Structure formats: structure tokens, C-alpha cells
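Working notes, structure below.
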Amino acid sequence: MTEATKNSASSGGLSWFARSLNVIERVGNKLPDPAILFALFMIAVWVISWALSGVSFSEIDPRNGKPIQIKNLLEGAALTTFMAKLVSTFVSFPPLGVVLVAMLGLGVAEYTGFINAGLRSILSVTPKMLLTPVLVAVGILSHVAVDAGYVLVIPLGAVIFYAAGRHPLAGIAAAFAGVSGGFSASLFIPSSLDPLLAGLTQASARLSSNPAAAELIINPLNNYYFTSASAILIVFIGWFLTDKVIEPRLKNTPVDGDPAGLPTLDPLTLSERRGLRFAVLSMLLCIALLVVTIYPATSPWRGTDASLTHATAPLMQSIVALILVFFLIPGVVYGYAAGTVKNHRDVIQGMTKSMSGMGYYIVMAFFCAQFIYAFGQSNLGALIAIKGAGGLKELALPMGITLIGIVILTSLVNLLVGSASAKWALIGAVMVPMLMELGVSPDLTQAAYRVGDSSTNIITPLMPYFPLIVVFCQKYVKSTGIGTLIALMLPYSVALLVLWTAFLLCFWMLGLPLGIGASYSFPIAR
């Protein structure tokens, strides 16, 4: 085969792949917005509840020992109750408050430049031989600032690789793999995703017909040990694939961007260095103060049972508040020391800016809360859980196969629904209570979801930041398109899906703790 033929075949292959992805993109774009999707699902629940309200089921509801009965949500009493509780259903929606509170602190840290300077500082002092693993690790670390990694770490990855004489697209791929492929991982620092998923998991668990579910409290750090260990796995996967697979493949791809327009890695200014020193010192002092105050056996952080890890301990219930404090204080200190903050109004402006970016999430949360309320009131969730559990019991599939099924299902849904919270609100409302009926804890089900949700983030054009990554690539290689980026990231996606799933199965088989206050099993109702 001649070189021209090889190039032609390669081009044809990429064109076919790109056409296939375009079909997925068109189909995905025809789906309603997630907020409207929840509203449509809520209406569907109403209609289905009316249709099944007169049907007799043989399945026994463990909560009352009677055959389960679907409640008609279209009858007058149900509709008036729904309207009367509409506001309280929204404001008491578990993920809403925790996400907004955490974003107040993170928003200030990002607005003042503390997060930006911190990430640039880490990347600028990295030895060349460790460039790839540190870049992937910083991508994972950026999760504490929600979307900061997409707009900061990924373009900086290209800058650093380009300055080091390496291909800039390889830098983008490595950073993208850490930021988005490892989205559910956390490099020893909890991310804002933890309280968000925990809140949705708790809301889904309450849909279970098991009486014990009413008292269940999901710790925001219920997957902390697993996600922290996963970060190490993802760093090694990203390191190997970038250096051994992706960069050699890019060897013959010329960098044809305008050199004058290519970004540069600006070193920290004296004011930024001063701000960073004071900010890091303030964060260390906060951590030291927390350690000192939780050390005594009689510490109020421990609660009445003197436990630090129990879900009801004040320390565990204060995770979101601690995230707020641990980023708000260093963010403010950095701002004053670096000169990016002049007075208290600038701090409030940082909070306001972070809240303004949460407008869409609040709208989606409203419809999501109403859907989950209706789903729970109808008893459809309990019916599906009991029937689904019965079906799984009859199949007698090994639990490992069931966990793999959750991962694959999530990864496929992720190709069409980009929002992590939207996917988990939909999938979790069925999977969490269903597996609880089989004795599987919500903590383990959530961990399986996180693996599937992250693995295909980097190959779906419907991910909100995907077009932005294409633009970053085009600064260096003008011909970059969606198919190019998909082909670049597909090895990462496949490796993450296979190896991360195997990693979860190893955790489960070895009985390693998933997180703080987490378990693998849930008591089956008798």
C-alpha cells in the first residue's frame, strides 16, 4: 500500500467516524433541554400514575406489608397537594443549597485569581519528564473550581507542551483527559461534585420502599477514598497514552497556527507570588485550626457519639460549609495581597458572579425537584424497584456484572445528556432504590455511576465545553474538527471505561472502603 493510499484510507476512516458522530450530534440536539425533559417526565409520571392507579399488583410493599398501589397524581387532592408544596419541594431539594453554598467560596477564589495563580504555579515548576502526569493531575485537581479546568488548565496544557517542544494537541489531550475524563475523580481534595451527587443519591434513596431508607443520610464524602485512589489510576492512564500513543500519532501533524497569535505561559508576577504565599499560608492555618479543634475527644465536631466519620457527626454535616470557608478565606487573602481586591465590594462581586453562572442550574433544579417529588409520591419508583429487583434476582447475575451494567448504561446515556446532575437524577431515581432492594448500598451504585459518567465525557460533542476544546486545538492545527478531537480522545475513553471499571470491581471484591461513612451493602427489608 502506497503512502498516498494509506493517507486516503486514514482520511476515509476519519470521515466515516465523523459522519457517525454527526448523526449522534443531530439526534442529541433534537432532545429537549434537560429542564424541559424533567417537566415532560413529570407529566409522563402523572399520566402513568393515572393509568396504573386501578391496577392490582402482587408485589408486597415492605413499608406496610400490603400489595403495592400506584397513587393517581391527577386526582384533585394530589394536584392541590402538589401545588401547595411546589415551593417547599424546590427549596428543600438536597443538591440545591449545598451546590450554591460551595460555589460562594469557590467563586471568590476564582474571581480574585487565587485558583488561576495556584494552577499556573504548579505547572510552571514541573520537570519536563513529569510534564504529562502533573498536567493530568492538575486537570483532576481543578475540579474543586468546577469549570475552571476547561477554561484554564486545558489551554495552558497546550502552551506548556508547545513551549517544551512537544506537540500542543498532546498537551490539550492530556489536560482534557484529566479535567473531563477524570471528572469524577478527586486528587485528595473534595470537589463540588461530591455534595451534588450525594444530594441526588439521597433523594433517590428516599424513593425506596425499604423503611430504613427514610433515615438514610448520604455523606458527601461517601466515595472519597475511591475517587482519590482513582485519581492516581487516571494519572497513569493519561501519562501512558499521551506519551506512548497520542503524541507519536501526532508526529506528522504540523502545527500551522499563527505563531504571533499563539498564547504564552506568563510567569507569576511579584504581586501574584506574594498573594499566593499569603493565600496558601491562610489555607494551611485554616486546616491547622480545624485539626486542633477536632482532636479532643470531647470536640463539638464529633457529636454525641465522639465519631468523626459517622454521617450524623457535625464535621461530616459541615463539609459544604468547610469548602466555603477553605476557599473563601484564601481567596480573599490572595485578592488583598495581590491587589486584585480593593475592598469588600469586590469580594461580594466575586460571589455574585459565581451565582450568576448558576442560573441555568437553578432552573433545572426546579424541574428536577418536581419530577423527583412526583415520582416518589406516585409509588412508581417503589414498583419499578421491587419489580426490577425481582427480575435481577431471577436472572441471578453476579453482582460484578450488575455493576458493569450500571457503568455501561451511564456511559451510553452520557453521549446524549451532558449534565452530570441531570443524568444521575434520571438514572439514580431508578437504579438506587432498585439495587437497595438487592442489598446494594447507594454508595456503591453512585460509585459505578461516576465511572460511567466520566469515561465518555471526552468523546461526546454534546458536552458543553467540547466545542471550546475544538477551538483551542484550532489555534495550533487549523484543520482540527470534531472528528479530529474524538479520534484524539477515543483511546483515553476506552481505557478509562475498561480499567476504571476493573478498578471499581477490585475495590468491591477486596472490600476496600469507598469513602467516609460509606458501605457496600444495605439491609434488605423482610
Side-chain angles (χ1 to χ4, degrees), residues 95 97-122 137-138 140-149 152-153 185-199 219-225 227-228 231 272 274-295 299-302 308-309 311 313-338 340-341 344 346-355 357-358 515-517:
V98 295
V99 171
L100 295 182
V101 170
M103 283 303 300
L104 287 174
L106 292 168
V108 171
E110 185 174 2
Y111 180 79
T112 61
F114 169 55
I115 292 176
N116 185 310
L119 292 176
R120 284 163 54 205
S121 176
I122 293 173
V138 171
I140 297 173
L141 187 62
S142 71
H143 297 156
V144 299
V146 191
D147 294 336
L152 176 64
V153 178
S186 57
L187 198 58
F188 309 116
I189 299 178
S191 71
S192 58
L193 183 65
D194 294 317
L196 171 61
L197 292 184
N219 192 315
L221 299 182
N222 65 330
N223 289 158
Y224 175 67
Y225 300 143
T227 55
S228 296
E272 287 176 328
R274 181 176 61 252
L276 197 56
R277 284 196 299 270
F278 280 104
V280 171
L281 178 61
S282 69
M283 179 176 281
L284 292 176
L285 289 175
C286 289
I287 295 174
L289 180 62
L290 178 63
V291 172
V292 169
T293 55
I294 67 176
Y295 181 75
S299 170
W301 288 113
R302 298 174 179 269
L308 284 174
T309 60
L315 177 64
M316 292 299 100
Q317 295 181 334
S318 302
I319 293 297
V320 176
L322 290 173
I323 292 175
L324 166 65
V325 172
F326 278 24
F327 282 93
L328 175 62
I329 292 177
V332 172
V333 170
Y334 175 89
Y336 278 106
T340 58
V341 168
H344 68 278
D346 291 334
V347 176
I348 300 302
Q349 178 62 28
M351 291 184 175
T352 303
K353 185 177 179 180
S354 68
M355 289 298 100
M358 299 301 293
I516 298 175

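All of these numbers come straight from a predicted model, not from anything done at the bench.
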> Should Met355 and Leu100 count as side-chain neighbours, where that means a heavy-atom distance under 4.5 Å?
Replying inline: yes

>> Using 0.5 Å steps for rounding, measure from the CD atom of Glu110 to the CE atom of Met103.
In response: 7.0 Å

>> I need the minimum non-hydrogen distance between Pro314 and Pro300, along with the two atoms involved.
In response: CG-O, 3.3 Å

>> Is it the case that the side chain of Thr112 and the backbone of Val332 share a donor-acceptor pair, with hydrogens and angles ignored and the cut-off at 3.5 Å?
In response: no

> Could you give the distance from CG (Asn222) to CG (Asp194), rounded to the nearest 0.5 Å?
Replying inline: 8.0 Å

> Should Phe327 and Leu104 be marked as a side chain to side chain contact (heavy atoms under 4.5 Å, CB included) after you check the CA-CA gap, both sets of side-chain angles, and the distance that decides it?
Replying inline: CA-CA 9 Å; Phe327 282 93; Leu104 287 174; over 6 Å; no

>> Between Phe114 and Thr340, is there a side-chain heavy-atom distance shorter than 4.5 Å?
In response: no

> More than 12 non-hydrogen atoms from neighbouring residues, nucleotides or ligands closer than 6.0 Å to OH on Tyr336, yes or no?
Replying inline: yes

> Side-chain contact, heavy-atom cut-off 4.5 Å: Glu272 with Tyr334?
Replying inline: yes

> Per the side-chain contact (heavy atoms from CB on, under 4.5 Å) rule, which among Ile516, Leu322, Thr293 passes with Leu315?
Replying inline: Leu322

> Do Val108 and Ser354 have side-chain heavy atoms sitting under 4.5 Å apart?
Replying inline: no

> Sub-3.5 Å donor-acceptor pair from the side chain of Ser228 to the main-chain atoms of Tyr224, do we have one?
Replying inline: yes

>> Regarding Ser186 and Thr227, do their side chains bring together a donor and an acceptor under 3.5 Å, going by distance alone?
In response: yes

> So, does Arg274 use its side chain to make a donor-acceptor pair with the main chain of Ala337 at under 3.5 Å?
Replying inline: yes

> Rounded to the nearest 0.5 Å, how far does OG of Ser318 lie from CG of Leu324?
Replying inline: 11.5 Å

> Under 3.5 Å, is there a donor-acceptor pair between the side chain of Ser282 and the main chain of Val333?
Replying inline: no

